[in-house]
Amino acid sequence: LLLYWYGDPDTGPLLSAYLGLILYGSAALSIGLFASSLSPNQIVAAVVGIGTVMVLSFIDIWVADLVSGVAKDVIMELSLSGHFVDFTRGIIDPTDLIYYFTVIAVFLFLTVRFVESRRWR
């Protein structure tokens, strides 16, 4: 509201950035929920969750100079932050939406399966 009160922002990139932020946050939450299901200790779960989100967020920066070719392309597509960049520019690309929904679905599926397997032990 303050942005509209004091300025004249473009609504398209603003709303797409909010959509990207919601998807990025949902992916991070699903990864954290999976890490929490792995360990009964909260500290260990936090370290695993934060570590996994950081690795998936910065993998494109860390590995970009180390590998080349098809391996570089595959690693670049695994990056959470790499798919967020288009949202900040006002571009809603279906491949980015599919990526975030896939990450969310995979980690929630793994969480449910791990909790169910723990219940039967």
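Of all heavy-atom pairs between L78 and Y99, the closest is O-OH, 2.6 Å. Closest heavy-atom contact between L21 and F84: N-CE1, 3.3 Å. Looking at every heavy atom in both residues, S81 comes nearest to S57 through OG-O, 2.5 Å. Residues I59 and I75 come closest through the heavy atom pair CG1-CG2, 3.6 Å. S36 and A45 get closest at one heavy-atom pair: CA-CB, 3.6 Å.
Looking only at distances, no side-chain donor or acceptor of S79 sits under 3.5 Å from a matching main-chain atom of M76. Looking only at distances, a side-chain donor or acceptor of S16 sits under 3.5 Å from a matching main-chain atom of F87. Although no hydrogens or angles enter the test, the distance criterion places no donor-acceptor pair under 3.5 Å between the side chain of R89 and the main chain of A17.
The CG atom of D96 lies 9.0 Å from the CD1 atom of I91; values are rounded to the nearest 0.5 Å. Here I50 contributes atom CD1 and I31 contributes atom CD1; the two are 12.0 Å apart, rounded to the nearest 0.5 Å. Summarising the geometry, atom OG belonging to S26 is positioned 12.0 Å from atom CG belonging to L33; distances are rounded to the nearest 0.5 Å.
Annotation: L66, atom CG; neighbour count of heavy atoms from other residues, nucleotides and ligands within 6.0 Å is above 12. Counted within 6.0 Å of CD on E116, heavy atoms from surrounding residues, nucleotides or ligands total more than 12; the atom is thus considered enclosed. More than 12 non-hydrogen atoms from other residues, nucleotides or ligands lie less than 6.0 angstrom from OH of Y4. More than 12 heavy atoms of other residues, nucleotides or ligands shown are found within 6.0 angstrom of CZ on F114. Within 6.0 Å of the CG atom in D8, the count of heavy atoms belonging to other residues, nucleotides or ligands does not exceed 12.
In this model, a donor atom of one side chain and an acceptor atom of the other lie less than 3.5 Å apart for T95 and D93.
V63 is connected to I61 through a chain of hydrophobic side-chain contacts under 4.5 Å among Ile, Leu, Val, Met, Phe, Trp and Tyr, so both are in one cluster. Cluster annotation: L80 is not connected to M54 through the hydrophobic network of ILVMFWY side chains, with a link wherever side-chain heavy atoms come within less than 4.5 Å. Linking ILVMFWY side-chain heavy atoms closer than 4.5 Å, directly or via other members, places L38 and L29 in two distinct hydrophobic clusters.
Counting heavy atoms from C-beta outward, L14 and L3 have side chains that approach closer than 4.5 Å. No side-chain heavy atom of V48 sits under 4.5 Å from any side-chain heavy atom of F34. Contact annotation: the side chain of F101 approaches that of L23 to within less than 4.5 Å [non-hydrogen atoms, C-beta and beyond]. Using a 4.5 Å heavy-atom threshold, the side chains of W62 and V55 count as touching. F109 has its side chain out of reach of V106: every pair of non-hydrogen atoms, C-beta onward, lies at least 4.5 Å apart.
Relative orientation of the H83 and Y100 rings is perpendicular, given thresholds of 30° and 60° on the angle between their planes.
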Please walk me through it: do L56 and V103 pass side-chain contact (heavy atoms from CB on, under 4.5 Å)? CA-CA 11 Å; L56 286 177; V103 168; 5.5 Å; no

